[in-house]
Protein chains: 2
Amino acid sequence: MQVMRQMIFPTSNQITLTGVLYAFSDPTRLEIVRQLATEGEKACCEFGFKISKSTLSHHFKVLRDTGVVYTRTEGTQSVNSIRREELEDRFPGLLDTILKAATIS
Amino acid sequence: MQVMRQMIFPTSNQITLTGVLYAFSDPTRLEIVRQLATEGEKACCEFGFKISKSTLSHHFKVLRDTGVVYTRTEGTQSVNSIRREELEDRFPGLLDTILKAATIS
DNA sequence: TCTATTATTCGATTATCATCGAACAATAGA
DNA sequence: TCTATTGTTCGATGATAATCGAATAATAGA
């Protein structure tokens, strides 16, 4: 029987630099975080990607596992937000610098 | 007949953010750039890694192809340096922020 | 010309990753 | 209870990537 496992989020000091950079190195994931940064928290279905929902779910799992994104359940929706405090605490300035760079290209 | 191909380096505007982040997402490559940043330009053989030289050569190729590192030939050695100007021109503050974060963990 | 040094290239292998469709889980609402 | 919605999980597949040993290339120096 398949079980909906509970989501696990790394603590601030469990977040690794290479992990965060890997999370951001995929164009889809970078765009997800960019939208979360500019438009605030959003459900998975509100991003307007053309990829399948299983692929999208995979990308959100990577973002959660690397400590970039927090997901809370609200009804049938999964509402995502950037873990700004933890990221800033762990690697000061990194998120903003990457987000700024993302608007350049 | 195998030919030693000429190295090709991307111009500043050919450098992509996801490419740079991918280059930095590997621990070996991150350490290479960290050493280049703190100790200046170095030949491939001077980094003290325990991996094979073909693997190390592969990592340097990735760093070149993504625009992070410049390699010049000096005798039988390949001397590497960070492309600071191009990176700063393309994505201001990115390199320093990542390097600073690399010293934290 | 021969040898040592340094690094790249090739070919192969193993591992990881992105992607998808189908099935399942959890919730909301009729 | 039934159905729709939303997202996760599973299993599979094709594409990338990391790694290595061996062969090759380029140069320096004896």
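Computed over heavy atoms, backbone and side chain alike; hydrogens, waters and symmetry mates excluded. Letters A, B, ... mirror the listed sequences (proteins, then strands); counts begin at 1.
In the set C:dA7, D:dT6, D:dT19, C:dA7 carries the atom at the smallest distance from any side-chain atom of B:Ala43. Across D:dA22, C:dC20, D:dT6, the shortest atom-to-atom separation from the side chain of A:Ser54 is found for C:dC20.
Here A:Leu56 lies out of heavy-atom contact (under 4.0 Å) with every strand. Note on B:His59: only backbone sugar-phosphate atoms sit closer than 4.0 angstrom, heavy atoms only; bases stay farther off.
Across the protein-nucleic acid pair, B:Ile51 atom CD1 and D:dG21 atom C1' stand 14 Å apart, rounded to whole Å. The nearest whole Å value for the distance from the CE atom in B:Met7 to the C1' atom in D:dA25 is 12 Å. Atoms NZ (A:Lys61) and P (D:dC10) sit 10 Å apart, rounded to a whole Å. The NE2-C1' distance, from B:His58 to C:dT16, rounds to 13 Å in whole Å. The distance from atom CD of B:Glu46 to atom P of C:dT5 is 15 Å, rounded to the nearest whole Å. Put simply, CG on B:Asp26 is 11 Å from C1' on D:dT19, counting in whole angstrom units. Nucleotide C:dT19 holds its P atom 15 Å from the NZ atom of A:Lys50, rounded to whole Å. The distance from atom CD of B:Gln77 to atom P of D:dT27 is 14 Å, rounded to the nearest whole Å.
Remark: side-chain polar atoms of B:Ser57 are not paired, donor with acceptor, to backbone N or O of B:Ser54 under 3.5 angstrom. Looking only at distances, a side-chain donor or acceptor of B:Gln14 sits under 3.5 Å from a matching main-chain atom of B:Thr11.
Along DNA chain C, the nucleotide closest to A:Glu74 and the one closest to A:Arg29 are compared, and the more 5′ of them pairs with A:Arg29. Ranked by how close their nearest DNA chain C nucleotide is to the 5' end, A:Ser25 and A:Gly75 are led by A:Ser25.
Remark: A:Ile104 CD1 is packed, more than 12 non-hydrogen atoms of other residues, nucleotides or ligands lying under 6.0 Å away. Annotation: B:Lys42, atom NZ; neighbour count of heavy atoms from other residues, nucleotides and ligands within 6.0 Å is above 12. Within a 6.0 Å sphere centred on CD of A:Glu39, other residues, nucleotides and ligands contribute more than 12 heavy atoms.
In this structure, the helix from C:dT1-D:dA30 to C:dA30-D:dT1 shows an angle of 20° between the axis at its start and the axis at its end, each fitted on 5 base pairs and rounded to 10°.
By the 6.0 Å and 45° rule, B:Arg34 does not stack over the aromatic ring of B:Phe24.
Between atom CG of residue B:Leu95 and atom CZ of residue B:Arg83 there is a gap of 12.5 Å, rounded to the nearest 0.5 Å.
Interface remark: the B:Ser52 side chain does not form any donor-acceptor pair with the D:dG21 base, using a distance-only criterion of under 3.5 Å. Between the side chain of A:Ser78 and the base of D:dG7 there is no donor-acceptor pair of N/O atoms closer than 3.5 Å.
The existence of a salt bridge linking B:Asp96 and B:Arg84 is confirmed by a sub-4.0 Å separation between a basic side-chain nitrogen and an acidic carboxylate oxygen.
In this structure, A:Tyr22 does not reach the D:dT16 phosphate: none of its side-chain N or O atoms is under 4.0 Å from OP1 or OP2. Using a 4.0 Å cut-off, some side-chain N or O of A:Arg64 falls inside it from OP1 or OP2 of D:dT8. OP1 and OP2 of C:dT6 both lie 4.0 Å or more from every side-chain N or O belonging to B:Thr76.
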